[in-house]
K.L.:
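Below you will find the structure I want to go over with you.
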Amino acid sequence: MNLRGPVVEARDPRTVETSRGTSELAEVLLRPERGAREPVQVTLWGKWTGTADLLEEEMDLLVTDVEEREFRGETQYTTTGDSAVVVEPDFLVDVTDIRGWVQCPRVYYLNKLTGVPLKYPVVKGTVVHEVFGDLLRGRDLEDSIEERVAEAALDIGLLGETADSVADDVRQNAAAIEGWLQQGILDDDADSWRSEQTLISERFGIKGRADAVRRGMPVELKTGKNTTRDPRFQDKVQAACYALLLADSVADAPDTGTLLYTKNTALDRSEASGDLSPAKEFSIGGGFLKFVLRQRNEIAAAEFDMAVPTGYEADAKCEYCFEQDTCMVVAGRLDQESKAGQIGESLPKAERDYFERFYRAIEEERREVHREYRKLWEQSAEERADDDRALLDLEPLDREPVSGGRWRLRARRTSEAVSKIREGDRVLASDGHPTRGTAELATVEELGEEIVVTADEPFDLRRLDVYPSEIGVDRQLNGLHDAILRGDPDRKDVLFGRRDPEFSGPRETYIDNNDAQDEAVNAAVRADDFALVHGPPGTGKTYTLARTVRALVDDGERVLLSAFTNRAVDNAVEALEEQGFTDVVRWGSENGVRDDMQQYRMQRSGDPRERAAELQDAQVVAATTAACGSRALKQQQFDVAVVDEAGQLTEPGTFLAANLAHRFVLVGDHEQLPPVVRAENDLKESLFERLIETYPEAGVMLDRQYRMSQRVQYFSSREFYGGELRPATGEVAAQRLSDLPGVNADALPPELRDPVSFVDPGGAADGNTNPIEADRVAGIVQSFLDAGVDREDIGVIAPFRAQVAQISRRLPDVTVDTVDRFQGSSKEVIVISFVATDDLGSPIFEDYRRVNVALTRAKKALVLVGDEGALRSVPFYERMLEWADGS
DNA sequence: GCTCTGCGCAGAGGA
């Protein structure tokens, strides 16, 4: 049986005499999740005492295969030979992180901070792995090499290599792979192979992707050289991790691992020095697996504490370490204890404190991501049915092979469940359960009535789960590191309040009919450090931004154009296009970039020199902030970074773009949606907001809006912009529904005739929906349609996705969406469904900025639909109703 | 108790 629950007490390990000699043991009290609520005692024997040493109160602990015994009338538990002890099992540790930690815990920490830079061996290694996978899927070697090298063209070009030289290099590794494959292929049927298998273990708290699995045993491919007789220790650790991932218990894990060192050439093999053949098999014993688990536990415990490793935890020798210099520099800058020592001067205390504060904030966010992994397996199917992170009960239709040995799987929906999964997403596709059945990482191709995904293996498609990714937090950590540890000291002086931002150069007229916009462009062009452009709804923020980019380009500057979302980046590129400027390289994935912007998208595949030149020569590069942290963009340099929707970015997220440029311009509105974060911490406030509060003189507010009528904009202007937001012209102010061609406003029912109105439909909230209210919303929309308003001119907004689905079902041809997804667009008529009836208990109503976004999407008419009592219970919403009432 | 996008996912290797 297994025991699991939070640790109540971990007693110090001690030595005892047993019938079999001297042994170590540690007693732990934990509160079991199931059954008895009282704490129970479990004794950890032998080397598990090392794990016991890591335990703290409230840590989640899992002990498998325990033995039960009675002691003085009390039931106690003890580890057996088959037991595994797992600290914080929900914290899924990556296999490569365990590998790094075994080398040295500081290697693990530094990898997290800095990421892996663009280097030839890494790029070639990736290509060889892809070719290996292709060979296993039965592909022709030369075809594979040609295509895989072409796919890596940009990286190869940036490194100054040619396709031919890389292909030659890859061929050498591939020869070793082919030779080895041919040995085994005679007695091996193709079905006993799996390549690139993504594995998740809820039991051991590990995740990773195995290069290959052959007859249930892990095969790990290495493209570097291994000149010793035995496999490298950390490589064995890596293979052992995959062995654990393939098992349900330590006892039935595969007992053999294969390491394929493909750089060990025929020449090496003929040398008298011994066996340097590429394939090295080694046995994986229970003791080794438990060692690997204890290493994994050390990481989980360190993450629980957010401890910074010193290097003394390992007996690795620093002088042989590739990270030695980085290690010493980081230790020196942050005044950390490090086995390698410190080098250089430490940063000012304010900067070290800032780093520490944001490091912790990002790591808290990482924990929240890990909580989402747990959802993959913790709930029963019935509970998952309510959960929008999965699509369940799909009915498998068929499967067909596609190019490259991959498969297209099709299925049909059997319910109308709402899910957050979208086309293009990477998901875990499974035949029933994402960690217990057959599961593969797959790409969603179609998500209509019929569901189509592509995956590496064929199986019956019955379920899709969101696959949580840590890349967002990883990138933010890199952004933080680069800004604080590698950042320009001159810039940091301003960021940390040691001097004021400066502006220089002559003023010019860029926009002659809007003073604030003109002032904003001037500020951006004249900024020596940064400029802040505050753009409330409808004020021409994106137009001003595009004008700014053009002015900078005219001055010969190289510009990085960035924003948090792909949608905002595309909008900015579109605004440039509207101003006749199209010399832009759009960096992004095919799926992320809007169809009509694909023409600007940089292809990564092709000829290395051409691809590299395309990026390096681009005057304007447009990319999301997360993409700015990618290996290729990270080594680009710009004069100015112009960041749109900056109010939606965390501070480290903003740095990802700002780090690449000498100066930066932030454009946004901190009175609209804040950054999307799960944890409650410093990440919630944007750098834009903090800087505008600290240096109001570095900011320009665009105060004239071109969107809303006077009546519509009034409440937002008063509540959020100190009454300073005004209609740009009398025409904007006085616009009416009847201005629209074919619209007869008199045909509307009386309660909808005022440009801002409120309707209480009755009904009751049922979870996050209110069906009666949804009916009424549909009726209201119908009234506008009947009065002659076009469908495309109407938008419906609801706070919850569930209500959005309810309303969409009633209005299939009208745009219905959540507030969050409506930001950045507008409609002539907006209907808002507030859903809540008893009170505004949901936190979604607490952030009034979300309401500001919803209210300011409307140009001519706005209808608020909700429960009057609930809305009047909060002063802010009460004022909103008064505004809607008083015409 | 809620909204949510981003990222070639994780791992490629150096001696």
Side-chain angles (χ1 to χ4, degrees), chain A residues 94-97 99-100 103 111 115-130 132 151-152 155 196-199 207-211 220-228 232 234-235 238 263 319-323 388 420 422 425-428 440-443 467-476 563-569 588-592 604 623-632 645 648-649 653 656 673-678 767-768 798-804 817-823 835-836 840-847 849-850 853:
Chain A
D94 271 325
V95 171
T96 42
D97 284 337
R99 185 181 202 268
Q103 288 176 68
N111 282 346
V116 179
L118 185 63
K119 283 187 181 164
Y120 179 72
V122 178
V123 172
K124 191 202 81 173
T126 306
V127 173
V128 174
H129 275 77
E130 283 163 348
F132 177 57
E151 278 172 7
D155 283 349
E196 288 176 28
Q197 193 174 358
T198 297
L199 299 160
K207 67 181 159 81
R209 193 169 69 188
D211 287 340
E220 176 59 23
L221 179 73
K222 292 290 161 196
T223 53
K225 199 159 178 167
N226 176 240
T227 49
T228 57
R232 248 187 236 101
Q234 62 262 35
D235 295 346
Q238 192 177 355
K263 206 177 178 179
E319 56 266 38
Y320 300 140
C321 177
F322 292 99
E323 308 296 340
D388 55 11
K420 66 190 312 177
R422 304 228 154 80
D425 282 358
R426 276 307 249 180
V427 293
L428 263 182
E440 283 279 332
L441 218 45
T443 307
Y467 185 72
S469 165
E470 284 171 70
I471 197 153
V473 285
D474 284 338
R475 289 277 161 93
Q476 289 189 71
F564 178 57
T565 62
N566 274 307
R567 191 160 37 164
V569 174
S589 64
E590 187 177 358
N591 187 249
R604 294 179 214 185
T624 59
T625 46
C628 290
S630 68
R631 254 180 1 205
E645 305 275 22
Q648 281 188 73
L649 279 163
L656 283 167
L673 294 175
V676 174
V677 288
R678 298 163 182 86
N768 291 328
F800 308 113
R801 220 172 325 126
Q803 179 77 348
V804 166
D817 230 323
T818 55
V819 186
D820 301 62
R821 289 166 60 80
F822 241 105
Q823 173 150 334
V835 182
L840 304 182
S842 171
I844 203 150
F845 295 107
E846 284 168 17
D847 198 334
R849 290 176 289 188
R850 184 169 270 109
V853 174

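Here the structure is a predicted model, which is why all the values come from computation and not from measurement. Below, all heavy atoms of this structure are taken into account, side chains as well, without hydrogens, waters or symmetry copies.
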K.L.:
Is any N or O donor-acceptor pair between the side chain of Arg631(A) and the base of dA12(B) shorter than 3.5 Å?
P.N.:
yes
K.L.:
Which heavy atom of Arg821(A) sits nearest a heavy atom of Asp817(A), and at what distance?
P.N.:
NE-OD1, 3.2 Å
K.L.:
For Gln238(A) and Val95(A), work out which heavy atoms get closest and say how close.
P.N.:
CG-CG1, 3.6 Å
K.L.:
What does Val95(A) touch in the nucleic acid at a heavy-atom separation under 4.0 angstrom: a base, only the sugar-phosphate, or nothing?
P.N.:
sugar-phosphate
K.L.:
Minimum heavy-atom separation for Glu645(A) and Ala568(A), please, with both atom names.
P.N.:
CG-CB, 3.6 Å
K.L.:
Given the P atoms of dG1(B) and dT5(B), what is the spacing between them in whole Å?
P.N.:
23 Å
K.L.:
Determine: side-chain N/O of Tyr120(A) to OP1/OP2 of dA12(B), distance under 4.0 Å, yes or no.
P.N.:
no
K.L.:
Between atom NZ in Lys222(A) and atom P in dA10(B), what is the gap in whole Å?
P.N.:
16 Å
K.L.:
Grab the CD-C1' distance between Glu590(A) and dC7(B) for me, whole Å please.
P.N.:
16 Å
K.L.:
Return the set of residues passing side-chain hydrogen bond (donor to acceptor under 3.5 Å, both in side chains) with Asn591(A) (not counting sequence neighbours), or none when no residue passes.
P.N.:
none
K.L.:
Could you write out DNA chain B as dot-bracket? Rules: Watson-Crick or G-U wobble, both distances under 3.5 Å, brackets [ ] for crossings, | for pairs with another strand, dot for unpaired.
P.N.:
...............
K.L.:
OP1 or OP2 of dA12(B) less than 4.0 angstrom from a side-chain nitrogen or oxygen of Lys124(A), does that happen here?
P.N.:
no
K.L.:
Would you name the heavy atoms of Glu196(A) and His129(A) that are closest together and state the gap between them?
P.N.:
OE2-O, 4.1 Å
K.L.:
Please report the distance, rounded to the nearest Å, between CD in Glu323(A) and P in dA15(B).
P.N.:
13 Å
K.L.:
Could you tell me the separation between the OG1 atom of Thr624(A) and the CG atom of Leu656(A), rounded to the nearest 0.5 Å?
P.N.:
9.0 Å
K.L.:
So which nucleotide from dA12(B), dA10(B), dG14(B) ends up closest to the side chain of Arg232(A)?
P.N.:
dG14(B)
K.L.:
Whole angstroms only, please: what is the CD-P distance between Gln103(A) and dG14(B)?
P.N.:
12 Å
K.L.:
Looking only at atom P, what distance separates dG6(B) and dC2(B), rounded to whole Å?
P.N.:
23 Å
K.L.:
Could you pull out the closest heavy-atom pair between Pro799(A) and Thr818(A), with the gap in Å?
P.N.:
O-CG2, 4.3 Å
K.L.:
Mind checking the P distance from dG14(B) to dA10(B)? Whole angstroms is fine.
P.N.:
23 Å
K.L.:
Need one value for Gln823(A): base, sugar-phosphate or nothing, where a base atom within 4.0 Å counts as base even if backbone is also close, heavy atoms only.
P.N.:
nothing
K.L.:
What is the distance from CD of Gln234(A) to P of dG11(B), rounded to the nearest Å?
P.N.:
15 Å
K.L.:
Scan Arg475(A) against the nucleic acid and name what it touches under 4.0 Å (heavy atoms): base, sugar-phosphate only, or nothing.
P.N.:
sugar-phosphate
K.L.:
Using a cut-off of 4.0 Å between protein heavy atoms and nucleotide atoms, how would you tag nucleotides 1-6 of chain B 5' to 3' with B, S and -?
P.N.:
BBBBBB
K.L.:
What contact category does Phe322(A) fall into here, base, sugar-phosphate, or nothing, at under 4.0 angstrom with non-hydrogen atoms?
P.N.:
base
K.L.:
Between dG8(B) and dA12(B), how far apart are the two C1' atoms, rounded to whole Å?
P.N.:
12 Å
K.L.:
In whole Å, what is the span from the CZ atom of Arg209(A) to the P atom of dA12(B)?
P.N.:
8 Å
K.L.:
Heavy-atom nearest nucleotide on DNA chain B for Tyr320(A) versus Asp94(A): which residue maps closer to 5'?
P.N.:
Asp94(A)
K.L.:
Pick from Gln648(A), Arg849(A), Arg850(A): which one makes a side chain to side chain contact (heavy atoms under 4.5 Å, CB included) with Pro674(A)?
P.N.:
Arg849(A)
K.L.:
Tell me the interatomic distance from Glu470(A), atom CD, to dG8(B), atom P, rounded to whole angstroms.
P.N.:
16 Å
K.L.:
Nearest heavy-atom pair of Arg567(A) and Asp820(A): which atoms, and what distance?
P.N.:
NH2-O, 4.3 Å
K.L.:
Give Thr223(A) one of three labels, base, sugar-phosphate or nothing, depending on what nucleic acid heavy atoms sit under 4.0 Å from its own.
P.N.:
sugar-phosphate
K.L.:
Any donor and acceptor pair, going by atom type alone, linking the side chain of Asp155(A) with main-chain N or O of Ala152(A) inside 3.5 Å?
P.N.:
no
K.L.:
Does Glu470(A) come within less than 4.0 Å of Lys207(A), counting only side-chain N to carboxylate O?
P.N.:
yes
K.L.:
Could you tell me how far apart Leu441(A) (CG) and dA10(B) (C1') are, to the nearest whole angstrom?
P.N.:
9 Å
